[in-house]
Amino acid sequence: MNFALLAERVDEAARHATAIEQLTLTESFSVDEAYRIQRASIERRSARGERVIGIKLGFTSRAKMVQMGVDSLIWGWLTDAMLEEDGAPVDLGRLIHPRVEPEVCFLTGRDISVPLTALEAARHLDGVAPAMEIIDSRYRNFRFTLEDVVADNCSSAGLVVGPWSCRVTGLRNAGVALRFDGREVQTGSTGAILGDPLRSVVQASRLLHRAGLTLPAGSLIMAGAATAAQPLRAGLHVQCMVSGIGQAEFTTTLINR
Ligand code: OOG
Ligand code: MG
């Protein structure tokens with residue numbers, strides 16, 4: 001199988017905001033192979049000058065697993081081109097069928113390369129922030145298998161990170177609200193994320209170790225959505241509130257279609 005060719009398909013779909021058929025309709029590959037396709041797609045981004053700034057976890061909450069019909073924890077890469085400024089407008093014109101999900105984002109203070117306990121994970125962190133991930137499956141109708149979504153860098157398209165706080169251990173049950181124009185569209189708790197989003201860092205450490213990778217100090221870790229994702233449209237003011245640590249926000253516009 002030609003991993004580079006499959007990576008090119010998902011990468012071009014993202015670059016041109018054009019949906020493609022699921023790769024698994026015509027190819028058969030394992031989850032491990034899907035991660036190799038994902039890796040090759042990130043190498044294409046790096047070749048264009050994008051820089052890896054961290055990783056994201058997916059399907060760390062039941063709400064997301066139920067919404068998408070996938071029940072395994074997955075992970076992908078975040079690059080500097082995906083990072084949107086807190087409070088700034090996000091252009092939906094470069095996206096296919098974007099959705100937003102309320103998350104928390106951790107900032108690492110030390111390299112992570114070996115499996116960590118929750119206590120050790122907390123000591124490897126410099127901060128936590130309310131955050132939102134913008135996901136945009138490159139597959140038609142936002143439908144995929146586990147292998148498809150992994151190959152597609154776990155649908156990641158953007159992230160907005162609010163102000164940093166040092167309360168990395170205080171998030172076992174903090175209220176989460178996603179608001180569109182001031183109206184609540186999703187509500188939940190940070191406890192929905194593996195019981196405590198700190199466990200996403202524990203899981204990340206295991207995954208990195210298994211992949212033989214080191215996540216450098218100063219990296220971001222998106223813990224995964226606390227609620228189902230909500231479809232975006234132009235002209236919205238989008239806000240994510242996390243009790244005790246604050247909020248992140250952005251507006252949506254439609255420019256480059
Ligand atoms: C896959 C990404 C899942 C999360 O936070 O659970 C994810 C998708 O739903 O398209 O990012
Ligand atoms: Mg997510």
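Residues take their numbers from the sequence shown, with the count starting at 1. Both ligands and their constituent atoms are indexed starting at 1 by order of listing.
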Indicate every side-chain donor-acceptor pair of residues 55-63 with a distance under 3.5 Å to a residue at least two apart or in another chain.
unit_1: K56; atom_1: NZ; unit_2: E133; atom_2: OE1; d: 3.1
unit_1: K56; atom_1: NZ; unit_2: E133; atom_2: OE2; d: 3.1
unit_1: K56; atom_1: NZ; unit_2: C154; atom_2: O; d: 2.6
unit_1: T60; atom_1: OG1; unit_2: A223; atom_2: O; d: 2.9
unit_1: S61; atom_1: OG; unit_2: K64; atom_2: N; d: 3.4
unit_1: S61; atom_1: OG; unit_2: A225; atom_2: O; d: 2.8

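Under 4.0 Å is where a charged nitrogen must lie from a carboxylate oxygen, and between E12 and R15 at least one such pair does. A salt bridge is absent between E43 and R48; no separation between the charged side-chain nitrogens and carboxylate oxygens falls under 4.0 Å. Salt-bridge formation is not detected for the pair E8/R45: no Lys NZ or Arg NE/NH1/NH2 atom is positioned less than 4.0 Å from an Asp or Glu carboxylate oxygen.
Side-chain contact check for T187 versus T227: every heavy-atom pair is 4.5 Å or farther apart. Residues E184 and L178 are not in side-chain contact: their nearest non-hydrogen atoms beyond the backbone lie 4.5 Å or more apart.
Inspection of the environment of the Mg ion (ligand 2) yields the following protein N, O or S atoms under 2.8 Å: E101 OE2, E103 OE2, E133 OE1.
Q38 places a side-chain N or O within donor-acceptor distance of the main-chain N or O of W75, the cut-off being under 3.5 Å.
For ligand 1, the 4.0 Å heavy-atom shell contains residues K56, L57, G58, F59, K64, M68, E101, E103, E133, I135, F142, F144, V149, C154, S155, G224, A225.
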Check the pair T145 / D148 against side-chain hydrogen bond (donor to acceptor under 3.5 Å, both in side chains), numbers first and verdict last. CA-CA 5 Å; T145 64; D148 284 316; 3.0 Å; yes
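Under the side chain to side chain contact (heavy atoms under 4.5 Å, CB included) criterion, N2 pairs with A4, L5, sequence neighbours left out.
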